[in-house]
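Order of the sequence lines sets the chain letters (A, B, ...), proteins ahead of strands, with each chain counted from 1. These numbers come from a predicted model, not from an experiment.
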Amino acid sequence: MNRDRRGKSFYILASLFAAFVLFLYGPIATIVILSFQGPDGGLTFPMHGFSVHWFHALFQQQMVGDFGGSITRSLILAFMVMVANVVISVAGGMAFRRRFAGSTFLFYLVIASLIVPSILVSLGIGLLFSQLGLNPAWWSSAFGAQLTWTIPFGLLIMFAVFNRFNKSWEEAARDLGAGPWRSFTNVILPIILPGVVGIALFGFSLSYDEFPRTMMTAGDSNTLPLEIFAMTANVTTPVIYALGTLTTAFSALVIIVAMTSMAIIRRRRAAKLG
Amino acid sequence: MTTTAAGRAIVTTVLDVELISVTKRYGNTTAVSDINLRIPRGTYCCLLGPSGCGKTSTLRMIAGHEDISDGDIIIAGQNVGNLPPVKRGTAMMFQNYALFPHLNCVDNVAFGLKMRGVAKDARRAEARKLLAMVEMEKYAARLPAQLSGGQQQRVALARALITRPKVLLLDEPLSALDPFLRGTMREELKRLQRELGISFIHVTHSQEEALALADLVVVMDHGIIVQSGPPQEIFNRPATAFVARFMGGHNVIRADGGAFAVRADRCRIASPSPSDGHAGSIGGAVSSIEYLGTVVKVGIATAATGEVVALVPDDQFFAAPLALGETASLTWAATDAHPVTL
């Protein structure tokens, strides 16, 4: 019976899916495995022993790259992008709930930056800065370049969130005496909070691993992805894999912490119910 | 205050709500056209009409959730035209209840007091009192999503009443409930209104609801008030053919270039020659027979007015049963026929 039910299509689709998973996680797994290469091992298989030697090496000053500096910059930048993204997307989402003069045009203008090749955005911003006689830097030009990438996403998420938002919640708040600000803080924000957390996570992770838009705009000091890219050209030891493993683990950690805290909030809200 | 010569001053003091030439336009369409309405203190008023008749726009203008295009709204002697909802002494219960999904019942009910700066313990204590009034104190800690429709409605009612409004506005409050619950909540609303002694303005498209609840029924159609008055008056003396049809249970019969309405339960079926000389009658073939328990609904297809209906008590009908297609006439006493405008 089972064999009858699982026709050819099942096996074709299953192998397609397996290939997809392999393609997605295979390289990550390879890097993670190779990062535990023995002290005598090289950049490729086979493994010469098994050690955490390269993780040690990562934190020693004999490195070609500037790991500590770049990760600090990347984290600060990701945090800046996260905050700016949340503030702008939520405000924009609120504004777009009503049609206003030029709203459609403004919407396409924002969304267009998803379509423009990212390297061109980067190049353009870099050029503009040099034309204006400003020095591009990770906290100014790269910050702006990354926002051109995160804000459209944030705004689209807000549109989806407000699509499901019942306007009479706001009217009820107004009816009960809440002014615009208190109806925002007491009613709208708590209701859309899961979406806002999503935008924050999105902004953080898009910034943290952003490469093409940062490339021409980061100035003298590299962010982590730029540093890793530079290191691939210069570093000939598995220390680069150790770096990959560590940053991947960090990203996973951020997501796990965010998810767990959301789950805890939900459980606490549920626990209040008697 | 005593009566003036015109008798007007004293009238204004006993009105909860007065609408004076109120108009609402959306672009080129007029949703509410120049309506006048006076709602005496402590009245259960139903705004009744088909969808799109302007009843909800009227309610929302009274609530302050919709601007008035023209005219004045007076609540308890104060012109509230430009006041925000909170300054009007009204409270609104929304059609879908609009309970805040992130707050439990106590905090939903306490919300109005929180906005007025009442301390947490005091406002929660007050909220519990109101929850008790609607018999929901057991569910104080629940979130709205964990309540049934009827329970949500009780909480919404408590939330609207916590600000001690002079007028409670209800937008189709019963339409989301199942028929059984609707009956129960209907009694509950009436009881609350009587106990609180404030005016309720209740928007509905159900004539049954309006008849059961209202002291004052306001029938609206196409943005105007077609007829307003006590429920018996509306039902027994519909002013227009529209009101007669909308209230149901009436035959609208055209005659002599005009028309009159006669209640279907006052009509009788007679053999082809009516004996009573004073009665009106109209003849045709029996086109439908429906047994409804206490009455039998008999339809007669007439040439002049289409199908007319008599609700005949079951024992009378079965004493002399009719068959489909048989010729019969519908008769009524002259006193039961009321002229209506078409």
Side-chain angles (χ1 to χ4, degrees), chain A residues 86 90 93-94 97-101 103-104 157-158 160-200 258-259 261-274, chain B residues 56 59-60 62-66 84-118 123 127 137-147 155-156 158-165 168-169 171-172:
Chain A
V86 164
V90 171
M94 294 282 289
R97 292 196 301 163
R98 275 191 231 168
R99 295 200 132 262
F100 51 89
S103 62
T104 317
I157 294 174
M158 281 319 291
V161 167
F162 277 126
N163 247 334
R164 284 174 298 168
F165 189 87
N166 182 349
K167 272 213 154 218
S168 55
W169 285 325
E170 239 179 313
E171 280 185 344
R174 202 162 96 90
D175 205 70
L176 293 164
W181 176 247
R182 286 207 294 178
S183 113
F184 178 73
T185 54
N186 281 281
V187 175
I188 300 176
L189 194 57
I191 293 175
I192 65 170
L193 195 62
V196 174
V197 171
I199 291 173
M259 295 294 198
S261 53
M262 274 161 86
I264 288 172
I265 290 170
R266 210 171 303 139
R267 201 163 311 155
R268 256 196 217 160
R269 276 188 186 174
K272 270 199 280 181
L273 318 169
Chain B
T56 299
L59 190 79
R60 291 175 56 82
I62 298 171
H65 291 302
E66 206 84 71
V86 64
K87 297 246 172 78
R88 296 184 175 210
T90 57
M92 179 138 167
M93 202 175 92
F94 292 83
Q95 188 170 6
N96 49 26
Y97 317 134
L99 292 174
F100 304 129
H102 61 294
L103 298 178
N104 63 22
C105 292
V106 174
D107 287 334
N108 255 292
V109 175
F111 191 87
L113 295 183
K114 185 181 181 188
M115 293 303 113
R116 282 160 178 75
V118 178
R123 66 176 189 250
E137 68 269 50
K138 273 183 293 186
Y139 301 92
R142 294 257 186 113
L143 288 176
Q146 298 166 309
L147 301 175
V155 176
R159 184 178 70 173
L161 289 172
I162 202 164
T163 58
R164 307 271 168 222
L168 183 68
L169 308 167
D171 187 7
E172 302 260 4

Original post:
Among A:K167, A:E171, A:E170, who wins on heavy-atom pairs under 4.5 Å with chain B?
Top reply: A:E171
**OP:** Please state whether the side chain, the backbone, both or neither of A:R174 comes within less than 4.5 Å of a heavy atom of chain B.
**Re:** both
**OP:** Examine whether an atom of B:K87 lies under 4.5 Å from a heavy atom of chain A, and if so say whether it belongs to the side chain, the backbone or both; otherwise answer neither.
**Re:** neither
Subject >> Which residues share a side chain to side chain donor-acceptor pair (under 3.5 Å) with B:E66, sequence neighbours left out >> reply: B:Y26, B:R60
**OP:** Hey, could you give me the CD1/NE2 distance between A:I192 and B:H102, rounded to the nearest 0.5 Å?
**Re:** 11.0 Å
Subject >> A:D175 portion near chain B, given a 4.5 angstrom heavy-atom threshold >> reply: both
Subject >> Shortest non-hydrogen separation from A:S168 to B:F94 and the atoms involved >> reply: CB-CD2, 3.9 Å
**OP:** Heavy atoms only: give me the nearest B:M115-A:R182 pair and the separation to one decimal.
**Re:** O-NH2, 2.5 Å
Subject >> A:M259 atom CE, neighbour heavy-atom count above 12 within 6.0 Å >> reply: no
Subject >> Closest-packed option against chain A by number of heavy-atom pairs under 4.5 Å, given B:L99, B:T90, B:T163 >> reply: B:L99
**OP:** Check whether any side-chain heavy atom of A:N186 sits under 4.5 Å from a side-chain heavy atom of B:F100, and report yes or no.
**Re:** no
Subject >> Segment of B:R88 engaging chain A (4.5 angstrom heavy-atom cut-off) >> reply: neither
Subject >> Heavy-atom pair of closest approach, residues A:W169 and B:A98 >> reply: CD1-O, 3.5 Å
